[in-house]
Structures are given as C-alpha cells and as structure tokens.
K.L.:
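Handing you a structure now.
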Amino acid sequence: MLQKISFREIKTWLLLMFILTFALIVYSNYFLFSESSSQMTLGSFYKYSSFLWLLVLIYMFKNPIVIFGEHYLLKKIELKETPEFLIWSRKRLKTIDEKDKIVYNTILKRIDFIISDIQILQKSDKVLSTTTFTADTLAKQLKIPRRHLEFVFKYYCHYSSNDFSNLVKINYAVLLINGGYLNNYTVESLGEKCLFNSRFTFSKNFKKFIGVSVSDFVNTNIH
C-alpha cells in the first residue's frame, strides 16, 4: 500500500477517506455527548453513515483502479497480450516531433487509457465481425478526435494503422480457427467473416503475420 500511495489517484482517495472518517468521528461524538441528543438519534446517525460507507465501497469495487492503481491494472492488461501478437508499447517508440507536441501535452495523461480501450476493442467479437479498424472507425468507437488516435499509433504502436487493422483481423481469424470455424466453413468464408475483401488478401496477410499459410496452420495446430 505504501508503494501505491505515490500515485496521485490513490493519494486523493486516501485523503478523502481520512477526511470522511474524521468527520464521522466528530459527528458521532457530538451526538454521543450532546445533552439534546438521544440514543435514537445516535442510532439513526450510525445507520445513515453506514449507508454512506456502503456506497463508497460499491464505487471502489466497480472502479478497481481506485484500489489497485492505474499502473498496476494497465500492467496486468499488457501481460495478457500474447507475445507473438504484441502490438503496443507503454513507452514512446521514438522522439516526438515538434508539430506533435501540442497533441502530446493534451492527451499525455490519457494515452495509457486510449491504448487499453483499443486493446478491449481488439478482443470484442461483436466489433471485430462488423468493423474494420481504420483511424476513422476507431476514433468513432472511442469517441476521441482522429488526431489523438493518429498520435497514439505513431508513437506507441509497433505497426502502421493499416497493418494494425489487418493484424487484428488475422488475430480474429486465428481465434475462429482454434474454435473450429473451418470444420463447417471454407477458408474463403473465414476471410469474409474477418472482413477481408478477397481470399487472396486474407491468405497474403495470414502468411505475413503468422508465418505460414492457413492450411499449414490448421494442419499443424488443429490436427
């Protein structure tokens, strides 16, 4: 806990909790020692203050970042991304150009959250089966300016936005293959399911990112 206190969010919450605790102590003692108060009044106070604490605890459990800290949660998310499909870097991949510094200063505190939101979309079957990940569609999904998204891709992604889009589709294809999709459907159907324009484009990108053809991958990993 002492290590987490260094994070601004945890410091703020600790301060608020201490203030709330101190206020409750002061008010409970006021009711306890006030001649005009009664046991019934003190009981009511404890009932309502307990309800207040319950609301705080519910909020904290619904927002685990309050308990564990931003960096801890983001690290856990990053660890869950398989090494062979590692796409994002938590550190800048290159020096920021002078023309991009205004955007950098604007979104500095939100960069990790933008990356995490994209990672969530990368694993959403509903989104993957209906949406091609271009800068425009991602910006719309995340409800952020396209310029901010382009900045994140430029300095924190190992791939161009176009390669990223194709890689996400291939990741989805691998997921479907491992789930037995090709037991009932053709490779061409799989490419269409992953929103590729043609079987050739799908096969080309599959070999580019996975290193083998679709048939070789199926024979090696499924049979």
K.L.:
Is the F209 ring parallel, tilted or perpendicular to the Y159 ring (thresholds 30°, 60°)?
P.N.:
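Rings of F209 and Y159: perpendicular, as their planes differ by over 60°.
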K.L.:
To the closest 0.5 Å, what do you measure between CG (L54) and CD1 (I58)?
P.N.:
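If we round to the nearest 0.5 Å, L54:CG and I58:CD1 are 4.0 Å apart.
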K.L.:
Test of understanding: with side-chain contact (heavy atoms from CB on, under 4.5 Å), list the residues that count as partners of K94, not counting sequence neighbours.
P.N.:
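Listed in chain order: K154, Y155.
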K.L.:
Do the side chains of V212 and K207 get nearer than 4.5 Å, heavy atoms only?
P.N.:
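Not in contact.
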K.L.:
Do I118 and L108 belong together in a cluster built from hydrophobic side chains that touch within less than 4.5 Å?
P.N.:
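The answer is yes; both residues are in one hydrophobic cluster.
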K.L.:
If a pair satisfies salt bridge (charged side-chain N to carboxylate O under 4.0 Å, His left out) and one of its residues is in residues 171-192, list it, with sequence neighbours excluded.
P.N.:
none
K.L.:
Taking side chain as C-beta onward, heavy atoms only, is T106 less than 4.5 Å from F151?
P.N.:
no
K.L.:
When rounded to the nearest 0.5 angstrom, what is the spacing between CG in L149 and SG in C157?
P.N.:
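Separation between the atoms: 9.5 Å.
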K.L.:
To the nearest 0.5 Å, what is the distance between OH on Y185 and CD1 on I177?
P.N.:
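Result: 15.0 Å between the selected atoms.
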K.L.:
Restricting to side-chain hydrogen bond (donor to acceptor under 3.5 Å, both in side chains), what partner residues turn up for T134, sequence neighbours left out?
P.N.:
T137
K.L.:
Please list, chain by chain and in numerical order, all residues satisfying side-chain hydrogen bond (donor to acceptor under 3.5 Å, both in side chains) with S189, sequence neighbours excluded.
P.N.:
Y181
K.L.:
More than 12 heavy atoms of other residues, nucleotides or ligands under 6.0 Å from CD1 of I102: is that the case?
P.N.:
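Check fails, neighbour count at 12 or below.
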K.L.:
Could you tell me the separation between the CG atom of L190 and the OH atom of Y172, rounded to the nearest 0.5 Å?
P.N.:
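Here the interatomic distance stands at 9.0 Å.
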K.L.:
Could you work out, with ring-ring contact (aromatic ring centres under 6.0 Å, His included) as the rule, every residue matching F153, not counting sequence neighbours?
P.N.:
W88, F164
K.L.:
If you measure from CZ on F196 to CG on N166, what distance do you get to the nearest 0.5 Å?
P.N.:
5.0 Å
K.L.:
Where do L128 and L195 come nearest, in terms of heavy atoms and distance?
P.N.:
O-CD1, 3.6 Å
K.L.:
Looking at every heavy atom in both Y104 and R92, which two are closest together, and how far apart are they?
P.N.:
OH-NH1, 3.1 Å
K.L.:
Can you name the closest pair of heavy atoms from I115 and S89 and give their distance?
P.N.:
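Shortest heavy-atom contact: CD1-O, 4.0 Å.
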K.L.:
Looking at every heavy atom in both S165 and T132, which two are closest together, and how far apart are they?
P.N.:
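Residues S165 and T132, closest heavy atoms: OG-CG2, 3.5 Å.
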K.L.:
Test of understanding: with ring-ring contact (aromatic ring centres under 6.0 Å, His included), list the residues that count as partners of F200, not counting sequence neighbours.
P.N.:
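Partners of F200 by the ring-ring contact (aromatic ring centres under 6.0 Å, His included) criterion come out as none, since no residue qualifies.
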K.L.:
Hey, is CG on N197 packed in by over 12 heavy atoms from elsewhere, all under 6.0 Å?
P.N.:
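No, not enclosed.
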K.L.:
Just jot down the side-chain hydrogen bond (donor to acceptor under 3.5 Å, both in side chains) partners of K126, sequence neighbours excluded, or say none.
P.N.:
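Residues passing side-chain hydrogen bond (donor to acceptor under 3.5 Å, both in side chains) with K126: none at all.
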K.L.:
Can you list every salt bridge (charged side-chain N to carboxylate O under 4.0 Å, His left out) pair that touches residues 130-144, not counting sequence neighbours?
P.N.:
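Every pair satisfying salt bridge (charged side-chain N to carboxylate O under 4.0 Å, His left out) with a residue in residues 130-144: D136-R146.
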K.L.:
Give, for atom CG of D125 and atom CG of L175, the distance between the pair rounded to the nearest 0.5 Å.
P.N.:
6.0 Å
K.L.:
By the definition side chain to side chain contact (heavy atoms under 4.5 Å, CB included), identify the one residue from L138, I144, L142, D112 that meets it with D117.
P.N.:
L142
K.L.:
For residues F217 and I210, report the shortest heavy-atom separation together with the two atoms involved.
P.N.:
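Nearest heavy atoms, F217 then I210: CD1-CG2, 3.8 Å.
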K.L.:
Which residue pairs pass the salt bridge (charged side-chain N to carboxylate O under 4.0 Å, His left out) test when at least one of the two sits in residues 162-179, sequence neighbours left out?
P.N.:
D163-K208
K.L.:
Checking Y156 now: which residues fulfil ring-ring contact (aromatic ring centres under 6.0 Å, His included) with it, not counting sequence neighbours?
P.N.:
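None.
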K.L.:
Quick one: closest heavy-atom pair of P145 and A139, and the distance?
P.N.:
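Looking at all heavy atoms of both residues, the shortest contact is C-CB, 4.4 Å.
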K.L.:
Kindly write out the residues that satisfy salt bridge (charged side-chain N to carboxylate O under 4.0 Å, His left out) with K101, not counting sequence neighbours, or none if the list is empty.
P.N.:
E98
K.L.:
What pairs with S215 under side-chain hydrogen bond (donor to acceptor under 3.5 Å, both in side chains), at least two apart in sequence or on another chain?
P.N.:
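Partners of S215 under the side-chain hydrogen bond (donor to acceptor under 3.5 Å, both in side chains) test: S213.
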K.L.:
Are any of the side-chain heavy atoms of L167 and I87 separated by less than 4.5 Å?
P.N.:
yes
K.L.:
Are V152 and L93 connected in a single hydrophobic cluster, I mean Ile/Leu/Val/Met/Phe/Trp/Tyr linked by side-chain heavy atoms less than 4.5 Å apart?
P.N.:
no
K.L.:
Checking side chain to side chain contact (heavy atoms under 4.5 Å, CB included) for the pair C194/L176: CA distance, chi angles, key distance, verdict?
P.N.:
CA-CA 9 Å; C194 297; L176 292 174; 4.1 Å; yes
